Amino acid sequence: MKSLFGSLVYCLFLFVSDVYGTYRLNGFDPQQVTAQSYAQRRNNARPPLRTLDLSVTDNSCRSRPLDLVFIIDSSRSVRPGEFEKVKIFLADMVDTLDVGPEATRVAVVNYASTVKIEFLLKAHLNKPNMKQAITRIEPLAAGTMTGLAIKSAMTEAFTEESGARPKSKNIAKVAIIVTDGRPQDQVEEVSAAARGSGIEIYAVGVDRADMTSLRLMASNPLEDHVFYVETYGVIEKLTSKFRETLCGVDPCAIGHDCEHICVSSNVSHHCKCRTGYILNLDQKTCTLKQMKVVVVVEDPCKCEARLAFQMQTQAALQEITARLTDMTGRVEQIENILGPV
């Protein structure tokens, strides 16, 4: 028994020594415990590395077609890894939208000291091609000519030649500017001109972005058109916010009083009936079309009168023909006597 007890004590000693050696913290030094706890929290909170996903997800909204132009800052202050996060944000936004010739069209304007139209509204009318084009965008580096980028978007991207729909179609024109710095040119006048031409401007500031410039660029109300995030690492979180803002709510989805079919048209809706029905005056309910069957019973007297008329007409035509023949014969006799005139 004593030998067994000694063996148990020895095994317990080895186990405690092993655990102590593995998790030894220099006599449980408070500073080291705090440091390791902070590192653990930091690692647990760090999101996994994400790359641009080229697959297409079906989470798009279908209630508001847009002509949408992204104006993205790729100046020297935007590091390569941060620029990749901007591209992921663009791809997420594409997934959010209902992209197509009759739905939303998207263009991208890239800028630094110079401006580059990466692709126009008419270039890519489906999500896979558009997301492939986003992967090919490269940063331009150098300065931050935001005003020049807005002007280029207004005069080159938002034109019918570039794929924008005419004003008669009443398609909203929207620009989303993403920048992390202070513009090196004037933005107030060109932004006002863009808004005056019917372009709705959203300004997204990241990190060191100048809030005064963002407010000068954005449309009113500013609280709905100016956004700020601390780092490019969290810019993806704006996707859901823009989804609420740009997509709106499908009027038919939130409830309607149409008896048969509800048809959405941007912010309103109208009712439609199924085949064989007509819409009533209340513009909501439908009534089955009434088929009128008309049976025509001909009056026998009318038939006899019509036959008599036809015979009289035929006799009159025969008499006229006979007279014309007789007159022709007489003319020939006179020509024979007098000779040709």
Side-chain angles (χ1 to χ4, degrees), residues 52-72 86-110 117-137 153-154 156-178 194-195 197-202 204 219 224-225 227 235-236 238-256 258 260-272:
L52 201 155
D53 183 8
L54 294 179
S55 62
V56 177
T57 58
D58 187 20
N59 60 352
S60 59
C61 59
R62 294 177 171 82
S63 60
R64 188 188 178 196
L66 306 169
D67 285 337
L68 174 62
V69 176
F70 290 99
I71 304 174
I72 56 173
V86 174
K87 290 161 65 174
I88 292 173
F89 167 67
L90 296 185
D92 286 347
M93 286 296 300
V94 169
D95 277 335
T96 293
L97 301 167
D98 180 25
V99 174
E102 302 303 321
T104 293
R105 301 180 184 182
V106 178
V108 175
V109 175
N110 187 9
I117 308 293
E118 295 291 347
F119 55 85
L120 296 170
L121 293 168
K122 65 181 180 181
H124 305 293
L125 300 178
N126 62 73
K127 293 185 182 183
N129 290 348
M130 191 175 294
K131 294 176 76 171
Q132 283 284 356
I134 290 173
T135 64
R136 295 190 289 268
I137 299 176
M154 180 173 57
E156 298 180 44
F158 281 112
T159 63
E160 291 185 33
E161 293 78 11
S162 300
R165 269 71 65 93
K167 288 185 177 180
S168 60
K169 290 197 173 183
N170 199 30
I171 302 297
K173 291 176 170 53
V174 177
I176 298 179
I177 304 170
V178 181
R195 296 192 301 269
S197 70
I199 301 172
E200 185 178 10
I201 300 178
Y202 293 86
V204 177
S219 297
D224 294 333
H225 291 84
F227 301 93
I235 194 172
E236 303 165 35
L238 290 178
T239 305
S240 58
K241 181 64 178 177
F242 275 113
R243 178 183 174 85
E244 297 173 4
T245 302
L246 299 180
C247 294
V249 180
D250 185 348
C252 291
I254 62 176
H256 62 85
C258 298
H260 284 184
I261 303 170
C262 178
V263 180
S264 296
S265 54
N266 288 340
V267 295
S268 62
H269 75 280
H270 64 273
C271 300
K272 184 178 178 182

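Everything quoted here is computed from the prediction, not taken from an experiment.
By the ring-ring contact (aromatic ring centres under 6.0 Å, His included) test, F70 pairs with no residue at all, sequence neighbours left out. A search for ring-ring contact (aromatic ring centres under 6.0 Å, His included) contacts involving F119 returns H124, not counting sequence neighbours. Under the salt bridge (Lys or Arg N to Asp or Glu O under 4.0 Å) criterion, R165 pairs with D67, sequence neighbours left out.
Separating the CG atom in L90 from the CG atom in D95 is a distance of 11.5 Å, to the nearest 0.5 Å. Rounding to the nearest 0.5 angstrom, the gap separating the NZ atom in K241 from the OG1 atom in T96 is 14.0 Å. Taking CG of L121 as the start and CD1 of I171 as the end, the distance is 11.5 Å to the nearest 0.5 Å. The NZ atom of K173 sits 8.0 Å away from atom CD1 of I199, with the distance rounded to the nearest 0.5 Å. Atom CG in N129 sits 12.0 Å away from atom NZ in K131 (nearest 0.5 Å). Atom OG of residue S162 and atom CD1 of residue I117 lie 7.5 Å apart, to the nearest 0.5 angstrom.
For M93 against I176, the heavy-atom pair with the smallest separation is CE-CD1, 4.4 Å. Minimum interatomic distance between A91 and I134 (heavy atoms only, all atoms of both residues): N-CD1, 4.1 Å. Heavy atoms only, all atoms of each residue included: E236 and F89 are closest at CA-CD1, 4.4 Å.
Contact annotation: the side chain of E200 approaches that of H225 to within less than 4.5 Å [non-hydrogen atoms, C-beta and beyond]. With contacts defined as side-chain heavy-atom distances shorter than 4.5 Å, the pair V204/I177 does not qualify. Looking at L125 and V99, their side chains never come closer than 4.5 Å, going by heavy atoms from C-beta outward. Between L66 and R105 there is no side-chain heavy-atom pair separated by less than 4.5 Å. For the pair L120/F158, no side-chain contact is recorded, criterion being any heavy-atom separation below 4.5 Å from C-beta on. Contact of the I71 side chain with the V178 side chain is not registered, since no non-hydrogen atoms from C-beta on lie closer than 4.5 Å. Looking at K272 and C258, their side chains never come closer than 4.5 Å, going by heavy atoms from C-beta outward.
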